[in-house]
Visitor: 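Okay, here's the structure, questions in a sec.
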Amino acid sequence: MNSAKGGYRVFSANSSPACVELAKRITERLGIELGKAVVYQETNGETRVEIQESVRGQDIFIIQTIPRDVNTSVMELLIMTYALRTSCAKNIIGVIPYFPYSKQSKMRKRGSIVCKLLASMLSNAGLTHIITMDLHQKEIQGFFNFPVDNLRASPFLLQYIQEEIQDYRNAVIVAKSPDAAKRAQSYAERLRLGLAVIHGEAQCAEHDMADGRHSPPTVKNTTVHPGLEIPCKRQPLYPGIELPMMMAKEKPPISVVGDVGGRIAIIVDDIIDEVESFVAAAEILKERGAYKIFVMATHGILSADAPNLIEDSAIDEVVVTNTVPHEVQKLQCSKIKTVDISLILSEAIRRIHNGESMSYLFRNIAMDD
């Protein structure tokens, strides 16, 4: 099937060990060989891609994990997609377990929605379909003008909880902020466990920063010629209409809604990147009587000094999937564990190529996952 006309190929979009390993796991499950291609950086920093076999008339799946050098990974994906398009591939499907720039999916101040820009670039390069996992915002699917299959890692993480955490029946699922409460509730309902929410977390919520533009604009202090001073009283925008004064938003004192005393606390989220908020949540849970603390997340980016902070924290274990390479971080921190999700990616590839329904992969999946 791998060499037949109208068949399919699976390529790795970069030569990093993590991406190649994930691609090999997927191809082994599919019973095919990994496609032959060379991806490298020239001495001037440019990315070059060479496809070393015929792909004419075939379905091509590009596996691209996102290591620390995000922009290089994006260029590798774009250039390989375009190379396959000009090589007359029938369909080009990007398998991007962690979609980059997914946190930049809302307008903030005078910035831009970078995720939308990336979606347009991938479409122009020639992608016809995307397989991804646990998008940071599900609305991102609307940025694309082609199909997007947003798979879920929750079945694998739930299985880990049931098989690897002893006495998990004495656990409570924790949302480290009210924004994560729906995801935590979904986990708690399927495991039939209690739910706790940490309220008053000292961080800026996304909805607070959604649009930082001021209307009307703030008045700067300027030097005015004597005798031309303008009265300080603010004039109404429209005659006869007075807008109510806006109350300043203040964070309430940190509190835990729910009982965690004498229990195992399992914090769930989609991304664990900078870990300060997770470490602070673990300290609060420890103070409230939790005797073990786990953190479960789909994407373990673990930037900056995250491994050392985790190692020195009250967190007992951090469980993430292999959507993002984190081998270096695991060497720095023994608390980081990995769950393999190549099974669901390979099944998605097989079903898309054969034109089968994808609904089987979403059975028992809650909308809030």
Side-chain angles (χ1 to χ4, degrees), residues 98 103 134 136 152-203 205-206 251 254-303 306-321 323-324 326 329-330 333-339 366 368-369:
Y98 170 66
K103 286 187 175 182
D134 283 335
H136 187 55
R152 305 294 197 276
S154 57
F156 298 91
L157 297 176
L158 290 168
Q159 183 181 15
Y160 185 94
I161 292 172
Q162 293 173 318
E163 296 180 357
E164 301 296 332
I165 299 180
Q166 297 181 358
D167 195 23
Y168 82 93
R169 290 293 182 187
N170 188 37
V172 59
I173 305 298
V174 179
K176 72 178 181 67
S177 68
D179 292 337
K182 287 186 176 180
R183 180 184 300 272
Q185 181 181 0
S186 174
Y187 276 65
E189 288 176 350
R190 280 183 286 174
L191 291 169
R192 295 176 174 82
L193 298 177
L195 175 67
V197 179
I198 298 176
H199 185 50
E201 184 180 13
Q203 66 175 20
E206 285 193 1
K251 291 280 185 180
I254 295 178
S255 61
V256 179
V257 181
D259 182 21
V260 298
R263 296 190 178 187
I264 301 171
I266 304 175
I267 305 172
V268 297
D269 213 333
D270 62 330
I271 298 174
I272 175 168
D273 188 358
E274 297 176 349
V275 300
E276 285 82 359
S277 60
F278 290 92
V279 171
E283 292 176 356
I284 295 167
L285 293 170
K286 207 74 170 179
E287 292 174 1
R288 298 298 191 277
Y291 71 92
K292 266 192 177 181
I293 300 168
F294 292 80
V295 175
M296 315 285 292
T298 303
H299 310 296
I301 301 175
L302 302 170
S303 300
N308 294 328
L309 292 174
I310 293 171
E311 189 70 31
D312 298 334
S313 71
I315 299 172
D316 292 281
E317 195 168 284
V318 173
V319 183
V320 294
T321 70
T323 57
V324 178
H326 51 265
Q329 291 89 329
K330 289 181 71 173
C333 178
S334 59
K335 296 180 179 180
I336 301 173
K337 309 296 180 185
T338 307
V339 175
D368 296 324
D369 277 5

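Here, residue 1 is the first one in the sequence, and each next residue gets the next number.
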Visitor: Measuring only between side-chain heavy atoms, which start at C-beta, is Val268 closer than 4.5 Å to Ile173?
Guide: yes
Visitor: Could you tell me whether the side chain of Ile266 reaches within less than 4.5 Å of the side chain of Ile165, counting heavy atoms only?
Guide: yes
Visitor: Taking side chain as C-beta onward, heavy atoms only, is Glu164 less than 4.5 Å from Phe294?
Guide: no
Visitor: Please find the pair of heavy atoms, one from Glu311 and one from Ser334, that lie closest to each other, and give the distance.
Guide: OE1-N, 3.1 Å
Visitor: With heavy-atom distances below 4.5 Å as the criterion, would you say the side chains of Leu302 and Ile272 are in contact?
Guide: yes
Visitor: Could you tell me the separation between the OG1 atom of Thr321 and the NZ atom of Lys337, rounded to the nearest 0.5 Å?
Guide: 16.0 Å
Visitor: How long is the span from the CD1 atom in Ile315 to the CD atom in Glu283, to the nearest 0.5 Å?
Guide: 9.0 Å
Visitor: Go through the steps for Ile301 and Tyr98 under the test side-chain contact (heavy atoms from CB on, under 4.5 Å), then give the verdict.
Guide: CA-CA 10 Å; Ile301 301 175; Tyr98 170 66; 3.4 Å; yes
Visitor: Give a yes or no on whether the backbone of Asp273 and the side-chain of Ser303 come within a donor-acceptor separation of less than 3.5 Å.
Guide: no
Visitor: Is it the case that the side chain of His199 and the backbone of Val197 share a donor-acceptor pair, with hydrogens and angles ignored and the cut-off at 3.5 Å?
Guide: no
Visitor: Hey, could you give me the CG/CZ distance between Leu285 and Phe278, rounded to the nearest 0.5 Å?
Guide: 12.0 Å
Visitor: Distance from Arg190 atom CZ to Gln162 atom CD, nearest 0.5 Å?
Guide: 10.0 Å
Visitor: Looking at every heavy atom in both Val318 and Ile310, which two are closest together, and how far apart are they?
Guide: CG2-CG2, 3.8 Å
Visitor: Within this structure, what is the CG-NZ distance for the pair Asp269 and Lys176, rounded to the nearest 0.5 Å?
Guide: 5.0 Å
Visitor: What's the spacing between Ser154 OG and Asp270 CG if we round to 0.5 Å?
Guide: 12.0 Å
Visitor: Using modelled atom types and a 3.5 Å cut-off, is there a donor and acceptor pairing between side-chain atoms of Arg169 and backbone atoms of Leu191?
Guide: yes
Visitor: Please report the closest heavy-atom contact between Ala188 and Gly194, naming both atoms and the distance.
Guide: CB-O, 3.9 Å
Visitor: His299 side chain to Asp134 main-chain N or O, any donor-acceptor pair under 3.5 Å?
Guide: yes
Visitor: Are side-chain heavy atoms of Tyr187 and Leu157 found at a separation under 4.5 Å?
Guide: yes
Visitor: Is a side-chain N or O of Lys335 found less than 3.5 angstrom from the main chain of Asp316, in a donor-acceptor match?
Guide: no
Visitor: Identify the heavy atoms of Arg288 and Ser255 that sit nearest to each other, and give their distance.
Guide: NH2-CA, 4.1 Å
Visitor: For Ala196 versus Gly258, what's the shortest heavy-atom pair and its separation?
Guide: CB-CA, 4.2 Å
Visitor: Search all heavy atoms of Tyr160 against all heavy atoms of Glu317 and return the closest pair with its distance.
Guide: OH-OE2, 2.5 Å
